[in-house]
Amino acid sequence: MKKFAKLYASLAAIVAASLLYSCEERVETVQEGIPTSLTIRISTPAPAEISTRATDLQETKVSEIALFFYRDGNYLDKPKKVIRLSQSNLVLSDNNTSSTNYIYTANIPEDAGLTSGNYFLYAVANYNSSTFGDVELSKLEKLSLAQLQNFLITKSNEDIQMIEESLLMSGMYGSDGRITLKESGNNNFKDNIHLRRITAKIIFNLTAESGISFQPKTYSVYNCAKRCTLFERSGWTGAKGSFPGSLGSVATADSDFSDKLNVDMSGETGMSFYLLENVQNAKNTATTQKDREKHVSASDQSFLNAPENGTYVVIKGIYNGPISALASDEISSEVSSTQVSGEVSYTIHLGDFSTTAGGYDNY
């Protein structure tokens, strides 16, 4: 299940999104070590009523943000400077008519301790949020750039609902994190910080075709990941959720997952919840939507194609309608009526449901 929801935070000196910085050299010539200032603009996506977006301002707001400046060159063993900005330092722009983002601005003066030079700039927002992995900035401030990129957050509870005012987010400046602070004048940057939420928000809206009724009773979520990297990564070529390159392996042991069982849905026509990212590779190729949930056999109810630790949802409820609309494995051999009523369950693995090439294998 890829990270469905993406938050874009912009910083007039700040970010865009890819985890590993490029090897391409784009270092500008600048006299280093001179006190300097910068203007920051932070933008976050507006809520939208689709399954991959937030639906509340709480999910997009920036309550606080920490900026990690690593000096380019042989100075990446720890941040040169970490600047923390509280909500009082972030001014929400009056011009928030866009359907895609909210805009904040903030100024960092010379006396904040920034000096001119070439840097890598990373950002962590809402770090006091603990429902989906809290972080201690005092620990992050001691990490090398490589350690920060590989830092793991651990979910210490089994909540799948948001119970706080904001969600943990992270990002970097530009396409690779590189930024140049000039020696004099206010550094007012055109590029942005694109913050990504650590969580995916999953929304199910349940509807029935004409002549069919379905009354949901409960839903259960299996294989909820307990661990995730703080920063977004790319590639996903390893098996069972392993990450490419030096990022190592995360969420492969049984202890790295939990289940949320039998959540009441009485009177509801849908549900929504939040999960840490859990990307997995298919065990075997699935060519249809039904193949994603296929079991090995009637006696072996393990999944034939879905990954062992892939996240999936089971929705249980009462079905009323024609027997022809049910899958063959949902029908008892004793049933002869064309209209049936009874309890059924539906299993849905999270991931890419599209019909594009490889979509059915995307978990």
Side-chain angles (χ1 to χ4, degrees), residues 1-5 47-60 131-132 155-165 167 197-226 257-278 280 289-290 292-295 301-303 306-307 309-332 335 339-354 362-363:
M1 175 197 60
K2 281 193 175 179
K3 192 182 300 180
F4 291 107
E49 289 286 348
I50 58 176
S51 61
T52 62
R53 296 282 187 174
T55 57
D56 299 310
L57 175 60
Q58 285 183 325
E59 298 169 3
T60 65
T131 305
F132 293 93
K155 186 169 169 50
S156 59
N157 57 65
E158 295 187 4
D159 283 317
I160 59 174
Q161 296 299 330
M162 181 179 176
I163 59 176
E164 291 161 318
E165 292 186 355
L167 288 170
R197 279 194 298 266
I198 300 303
T199 60
K201 182 173 184 179
I202 315 302
I203 300 175
F204 280 83
N205 294 311
L206 306 178
T207 59
E209 295 183 2
S210 177
I212 296 174
S213 70
F214 176 69
Q215 298 173 294
K217 296 298 184 182
T218 65
Y219 75 89
S220 301
V221 188
Y222 295 85
N223 292 335
C224 305
K226 289 185 176 181
F257 298 92
S258 65
D259 301 331
K260 188 69 172 180
L261 303 178
N262 300 320
V263 181
D264 183 61
M265 289 187 68
S266 298
E268 303 292 334
T269 58
M271 73 281 194
S272 64
F273 51 89
Y274 302 81
L275 298 173
L276 291 182
E277 189 173 21
N278 179 21
Q280 302 280 342
Q289 178 66 49
K290 187 177 180 180
R292 289 174 59 86
E293 329 302 343
K294 190 173 184 179
H295 298 294
Q301 289 295 289
S302 62
F303 295 107
N309 291 319
T311 302
Y312 65 96
V313 178
V314 175
I315 303 172
K316 294 182 178 180
I318 304 300
Y319 171 90
N320 288 278
I323 194 172
S324 58
L326 293 174
S328 58
D329 56 3
E330 296 177 302
I331 304 171
S332 170
V335 175
Q339 292 288 121
V340 293
S341 177
E343 184 175 279
V344 296
S345 63
Y346 296 96
T347 300
I348 306 101
H349 273 87
L350 302 183
D352 187 349
F353 304 110
S354 69
N362 186 323
Y363 293 90

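For this chain, numbers begin at 1 and follow the sequence in order. The model shown is predicted, which means the values in this text are computed figures rather than measured ones.
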Item checked: Residues forming a side-chain contact (heavy atoms from CB on, under 4.5 Å) with T207, sequence neighbours excluded -> none
Note to self: Once ring-ring contact (aromatic ring centres under 6.0 Å, His included) is applied, do any residues pair with F204, and if so which ones, sequence neighbours excluded?
What the structure shows: none
Notebook entry, point to check: Checking E293 side chain against F303 main chain: does a donor-acceptor pair fall under 3.5 Å?
Noted result: no
Note to self: Side chains of I315 and F214, heavy atoms from C-beta outward: is any pair under 4.5 Å?
What the structure shows: yes
Margin query: Under the rule for side-chain contact (heavy atoms from CB on, under 4.5 Å), what residues qualify as partners of S341, not counting sequence neighbours?
Written below: I318, N320
Margin query: Rounded at 0.5 Å granularity, tell me how far OG1 in T311 sits from CG in D259.
Written below: 9.5 Å
Check: How far does CG of L276 sit from CD1 of I198, to the nearest 0.5 angstrom?
Finding: 8.0 Å
Check: Considering residues at least two apart in sequence or located in another chain, which fulfil the side-chain contact (heavy atoms from CB on, under 4.5 Å) criterion with T269?
Finding: none
Item checked: Those residues that, when tested against S258, pass side-chain hydrogen bond (donor to acceptor under 3.5 Å, both in side chains) (two or more places apart) -> none
Next item on the list: Spell out, as yes or no, whether a donor-acceptor pair under 3.5 Å connects the side chain of T347 to the backbone of V314.
Entry: no
Item checked: Those residues that, when tested against E209, pass side-chain hydrogen bond (donor to acceptor under 3.5 Å, both in side chains) (two or more places apart) -> none
Item checked: Residues which pass side-chain hydrogen bond (donor to acceptor under 3.5 Å, both in side chains) with D159, listed by chain and number, not counting sequence neighbours -> none
Next item on the list: Could I get the full list of ring-ring contact (aromatic ring centres under 6.0 Å, His included) partners for Y222, not counting sequence neighbours?
Entry: Y312
Notebook entry, point to check: Does S266 have any side-chain hydrogen bond (donor to acceptor under 3.5 Å, both in side chains) partners at least two apart in sequence or in another chain, and if so, which?
Noted result: D264
